[in-house]
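Written out below as C-alpha coordinates is the structure these notes cover.
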Amino acid sequence: MNGGRVARGTTEEEFDEFYALAYPRLVRQLYAMTGDLPEAQDVVQEAFIRAWSRRGIFTSDDSQEAWIRTTAWRLAVSRFRRLRRGVQLIQRHHDQRHIEGPSPERIALVEALRTLPRKQRSAVVLHHLCDLSVEQISAETGWPAGSIRVWLVRGRLSLARHLSSLPDQEVDHVR
(Lines give C-alpha, C1' and ligand atoms only; values in the text may rest on other atoms or scores of the structure.)
Protein backbone atom coordinates (compact mmCIF):
# COMPACT_ATOMS: atom_id res chain seq x y z
CA MET A 1 0.00 0.00 0.00
CA ASN A 2 1.10 3.53 -0.64
CA GLY A 3 -0.61 5.01 2.41
CA GLY A 4 -3.33 6.88 0.53
CA ARG A 5 -1.03 8.97 -1.62
CA VAL A 6 -2.00 9.66 -5.19
CA ALA A 7 -1.33 6.73 -7.53
CA ARG A 8 1.73 6.91 -9.71
CA GLY A 9 -0.60 6.68 -12.71
CA THR A 10 -1.48 10.38 -12.62
CA THR A 11 0.90 11.37 -15.42
CA GLU A 12 1.54 9.55 -18.67
CA GLU A 13 5.06 8.60 -17.61
CA GLU A 14 3.92 7.37 -14.21
CA PHE A 15 1.08 5.40 -15.77
CA ASP A 16 3.54 3.84 -18.24
CA GLU A 17 5.77 2.83 -15.32
CA PHE A 18 2.79 1.41 -13.43
CA TYR A 19 1.70 -0.48 -16.56
CA ALA A 20 5.16 -2.01 -17.05
CA LEU A 21 5.18 -3.27 -13.46
CA ALA A 22 1.55 -4.33 -13.06
CA TYR A 23 0.67 -5.76 -16.50
CA PRO A 24 2.64 -9.03 -16.21
CA ARG A 25 1.37 -9.63 -12.68
CA LEU A 26 -2.26 -8.94 -13.67
CA VAL A 27 -2.00 -11.18 -16.72
CA ARG A 28 -0.72 -14.03 -14.53
CA GLN A 29 -3.59 -13.45 -12.10
CA LEU A 30 -6.26 -13.34 -14.82
CA TYR A 31 -4.70 -16.35 -16.52
CA ALA A 32 -5.05 -18.27 -13.26
CA MET A 33 -8.66 -17.10 -12.99
CA THR A 34 -9.68 -17.80 -16.61
CA GLY A 35 -7.34 -20.60 -17.65
CA ASP A 36 -6.85 -18.86 -21.02
CA LEU A 37 -3.65 -16.87 -21.54
CA PRO A 38 -4.67 -14.97 -24.71
CA GLU A 39 -7.99 -14.08 -23.09
CA ALA A 40 -6.20 -12.92 -19.95
CA GLN A 41 -3.88 -10.72 -22.00
CA ASP A 42 -6.83 -9.24 -23.92
CA VAL A 43 -8.96 -8.41 -20.90
CA VAL A 44 -6.07 -6.95 -18.91
CA GLN A 45 -5.11 -4.80 -21.89
CA GLU A 46 -8.71 -3.62 -22.26
CA ALA A 47 -8.88 -2.85 -18.53
CA PHE A 48 -5.69 -0.76 -18.76
CA ILE A 49 -7.19 1.14 -21.68
CA ARG A 50 -10.25 1.91 -19.57
CA ALA A 51 -8.07 2.86 -16.59
CA TRP A 52 -6.13 5.37 -18.67
CA SER A 53 -8.94 7.94 -18.56
CA ARG A 54 -9.40 7.34 -14.81
CA ARG A 55 -5.72 7.36 -13.86
CA GLY A 56 -6.00 10.50 -11.74
CA ILE A 57 -8.82 9.31 -9.48
CA PHE A 58 -7.09 6.42 -7.74
CA THR A 59 -5.76 6.94 -4.24
CA SER A 60 -2.92 4.43 -4.56
CA ASP A 61 -1.26 2.02 -6.96
CA ASP A 62 -3.02 -0.75 -5.04
CA SER A 63 -6.47 0.75 -5.67
CA GLN A 64 -5.60 1.26 -9.32
CA GLU A 65 -4.42 -2.33 -9.67
CA ALA A 66 -7.50 -3.64 -7.87
CA TRP A 67 -9.75 -1.63 -10.18
CA ILE A 68 -7.95 -2.96 -13.26
CA ARG A 69 -8.09 -6.56 -11.97
CA THR A 70 -11.82 -6.27 -11.21
CA THR A 71 -12.52 -4.67 -14.59
CA ALA A 72 -10.51 -7.35 -16.40
CA TRP A 73 -12.37 -10.10 -14.54
CA ARG A 74 -15.74 -8.55 -15.42
CA LEU A 75 -14.68 -8.30 -19.06
CA ALA A 76 -13.68 -11.97 -19.07
CA VAL A 77 -16.98 -13.02 -17.48
CA SER A 78 -18.93 -10.87 -19.95
CA ARG A 79 -17.09 -12.39 -22.91
CA PHE A 80 -17.67 -15.88 -21.55
CA ARG A 81 -21.39 -15.21 -21.13
CA ARG A 82 -21.68 -13.85 -24.69
CA LEU A 83 -19.81 -16.86 -26.04
CA ARG A 84 -21.94 -19.28 -24.04
CA ARG A 85 -25.13 -17.54 -25.20
CA GLY A 86 -23.95 -17.72 -28.81
CA VAL A 87 -23.30 -21.45 -28.49
CA GLN A 88 -26.74 -21.94 -26.96
CA LEU A 89 -28.38 -20.05 -29.82
CA ILE A 90 -26.50 -22.06 -32.41
CA GLN A 91 -27.43 -25.33 -30.73
CA ARG A 92 -31.07 -24.34 -30.44
CA HIS A 93 -31.54 -22.98 -33.95
CA HIS A 94 -29.36 -25.21 -36.09
CA ASP A 95 -29.69 -28.85 -36.91
CA GLN A 96 -26.84 -30.96 -35.65
CA ARG A 97 -26.45 -32.88 -38.88
CA HIS A 98 -23.48 -33.76 -40.98
CA ILE A 99 -22.85 -31.31 -43.78
CA GLU A 100 -20.97 -32.67 -46.73
CA GLY A 101 -17.99 -30.86 -48.13
CA PRO A 102 -18.07 -28.98 -51.40
CA SER A 103 -18.71 -31.00 -54.54
CA PRO A 104 -16.02 -31.34 -57.23
CA GLU A 105 -18.09 -28.98 -59.38
CA ARG A 106 -18.14 -26.34 -56.65
CA ILE A 107 -14.39 -26.67 -56.15
CA ALA A 108 -13.81 -26.29 -59.90
CA LEU A 109 -16.02 -23.19 -59.99
CA VAL A 110 -14.26 -21.57 -57.02
CA GLU A 111 -10.87 -22.30 -58.55
CA ALA A 112 -12.01 -20.79 -61.85
CA LEU A 113 -13.34 -17.70 -60.05
CA ARG A 114 -9.97 -17.27 -58.33
CA THR A 115 -8.32 -16.83 -61.73
CA LEU A 116 -10.37 -13.70 -62.43
CA PRO A 117 -9.25 -10.19 -61.51
CA ARG A 118 -10.91 -8.98 -58.30
CA LYS A 119 -13.50 -6.66 -59.86
CA GLN A 120 -14.49 -9.22 -62.52
CA ARG A 121 -14.82 -11.90 -59.85
CA SER A 122 -16.91 -9.63 -57.63
CA ALA A 123 -19.18 -8.62 -60.53
CA VAL A 124 -19.71 -12.26 -61.59
CA VAL A 125 -20.43 -13.43 -58.03
CA LEU A 126 -22.78 -10.54 -57.25
CA HIS A 127 -24.65 -10.95 -60.54
CA HIS A 128 -24.82 -14.72 -60.93
CA LEU A 129 -24.63 -16.05 -57.38
CA CYS A 130 -26.31 -13.23 -55.45
CA ASP A 131 -28.81 -12.49 -58.25
CA LEU A 132 -28.16 -8.74 -58.23
CA SER A 133 -28.85 -6.66 -61.31
CA VAL A 134 -26.13 -4.50 -62.84
CA GLU A 135 -27.85 -1.45 -61.33
CA GLN A 136 -27.95 -3.05 -57.87
CA ILE A 137 -24.26 -3.94 -58.11
CA SER A 138 -23.48 -0.38 -59.15
CA ALA A 139 -25.46 1.05 -56.24
CA GLU A 140 -23.81 -1.33 -53.75
CA THR A 141 -20.22 -0.92 -54.96
CA GLY A 142 -20.19 2.54 -56.52
CA TRP A 143 -18.79 1.09 -59.75
CA PRO A 144 -20.12 2.45 -63.08
CA ALA A 145 -22.78 0.21 -64.66
CA GLY A 146 -20.91 0.18 -67.98
CA SER A 147 -17.76 -1.13 -66.31
CA ILE A 148 -19.76 -3.83 -64.54
CA ARG A 149 -21.22 -5.00 -67.86
CA VAL A 150 -17.72 -5.20 -69.37
CA TRP A 151 -16.41 -7.12 -66.35
CA LEU A 152 -19.32 -9.54 -66.56
CA VAL A 153 -18.65 -10.29 -70.24
CA ARG A 154 -14.91 -10.68 -69.69
CA GLY A 155 -15.44 -12.75 -66.54
CA ARG A 156 -17.87 -15.13 -68.23
CA LEU A 157 -15.47 -15.59 -71.16
CA SER A 158 -12.55 -16.30 -68.84
CA LEU A 159 -14.63 -18.75 -66.81
CA ALA A 160 -15.80 -20.55 -69.94
CA ARG A 161 -12.20 -20.91 -71.17
CA HIS A 162 -10.98 -22.11 -67.79
CA LEU A 163 -13.83 -24.57 -67.22
CA SER A 164 -13.69 -25.95 -70.77
CA SER A 165 -10.02 -26.84 -70.29
CA LEU A 166 -10.80 -29.10 -67.31
CA PRO A 167 -11.49 -32.84 -67.73
CA ASP A 168 -15.19 -33.54 -68.25
CA GLN A 169 -15.67 -35.49 -65.02
CA GLU A 170 -14.62 -32.45 -62.93
CA VAL A 171 -17.21 -30.07 -64.37
CA ASP A 172 -20.14 -32.16 -65.58
CA HIS A 173 -22.63 -30.19 -63.51
CA VAL A 174 -20.95 -26.76 -63.81
CA ARG A 175 -21.53 -26.33 -67.54
Side-chain angles (χ1 to χ4, degrees), residues 19-20 23-52 68-175:
Y19 175 87
Y23 178 81
R25 180 174 49 251
L26 287 166
V27 167
R28 285 191 305 272
Q29 292 168 1
L30 266 291
Y31 175 44
M33 294 164 78
T34 65
D36 184 338
L37 181 59
E39 180 70 8
Q41 292 168 327
D42 286 349
V43 296
V44 170
Q45 186 66 39
E46 177 64 28
F48 266 102
I49 290 168
R50 292 180 183 193
W52 172 256
I68 292 170
R69 183 177 31 259
T70 301
T71 301
W73 174 246
R74 288 178 180 160
L75 287 166
V77 168
S78 178
R79 288 180 179 186
F80 173 75
R81 286 180 180 153
R82 278 194 310 272
L83 179 63
R84 185 179 63 196
R85 181 69 180 138
V87 168
Q88 289 171 343
L89 288 171
I90 288 171
Q91 289 174 340
R92 184 177 312 144
H93 296 292
H94 292 3
D95 292 337
Q96 297 295 327
R97 58 186 162 144
H98 174 71
I99 298 174
E100 300 211 14
S103 67
E105 296 84 15
R106 174 71 59 151
I107 292 171
L109 177 60
V110 169
E111 288 300 318
L113 284 166
R114 286 183 181 158
T115 66
L116 299 178
R118 184 184 61 81
K119 288 185 178 180
Q120 280 182 22
R121 181 175 55 247
S122 295
V124 167
V125 168
L126 290 171
H127 186 69
H128 292 287
L129 298 179
C130 298
D131 294 322
L132 297 181
S133 69
V134 170
E135 292 73 24
Q136 289 171 315
I137 296 170
S138 179
E140 191 172 303
T141 62
W143 299 333
S147 297
I148 294 168
R149 287 185 187 91
V150 169
W151 296 331
L152 285 170
V153 169
R154 290 179 182 167
R156 285 188 290 250
L157 288 172
S158 293
L159 286 174
R161 279 193 302 274
H162 183 81
L163 293 172
S164 67
S165 69
L166 295 175
D168 285 339
Q169 69 270 17
E170 288 188 39
V171 291
D172 284 337
H173 294 93
V174 175
R175 290 187 193 166

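Everything numeric in this text was worked out from a predicted model, so none of it was measured.
- Nearest approach of L116 to Q120, heavy atoms of both residues: CD2-OE1, 3.7 Å.
- Within the structure, the side chain to side chain donor-acceptor pair (under 3.5 Å) test picks out the following pairs touching residues 121-137 (sequence neighbours left out): H128-R156, S133-Q136, E135-R149.
- Taking every heavy atom of both residues into account, A40 and T34 meet most closely at CB-OG1, 4.2 Å.
- With sequence neighbours excluded, the residues that form a side-chain contact (heavy atoms from CB on, under 4.5 Å) with V110 are R106, R114.
- The two residues V125 and L113 make their nearest non-hydrogen contact at CG2-CD1, 4.1 Å.
- Around CZ of R154, the count of heavy atoms belonging to other residues, nucleotides or ligands within 6.0 Å does not exceed 12.
- Expressed to the nearest 0.5 Å, how far CG of D36 lies from CG of L30 amounts to 10.5 Å.
- For the pair S158 (side chain) and G155 (backbone), a donor-acceptor distance under 3.5 Å is absent.
- Listed by chain and residue number, Y19, V27, Q41, V44, Q45, F48 satisfy the side-chain contact (heavy atoms from CB on, under 4.5 Å) test with Y23 (two or more places apart in sequence, or in another chain).
- With sequence neighbours excluded, no residue satisfies salt bridge (charged side-chain N to carboxylate O under 4.0 Å, His left out) with R161.
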Distance-only check: which donor-acceptor pairs under 3.5 Å involve side-chain atoms of residues 68-75, not counting sequence neighbours?
residue, atom, partner, partner atom, Å
R69, NH1, Q29, OE1, 2.8
T70, OG1, A66, O, 2.9
T71, OG1, W67, O, 2.8

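- By the side chain to side chain donor-acceptor pair (under 3.5 Å) test, S147 pairs with no residue at all, sequence neighbours left out.
- Take R84 and apply the side chain to side chain donor-acceptor pair (under 3.5 Å) test, not counting sequence neighbours, and it matches no residue.
- The two residues A123 and L152 come nearest to each other via the heavy atoms O-CD2, 3.3 Å.
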Report, one line per pair, each donor and acceptor closer than 3.5 Å where one atom sits in a side chain of residues 138-145; sequence neighbours left out.
residue, atom, partner, partner atom, Å
S138, OG, W143, O, 2.6
T141, OG1, I137, O, 2.7
T141, OG1, W143, N, 3.2

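- For residues 26-46, no pair satisfies ring pair (Phe, Tyr, Trp, His ring centres under 6.0 Å), with sequence neighbours left out.
- Using a 4.5 Å heavy-atom threshold, the side chains of V77 and F80 count as separate.
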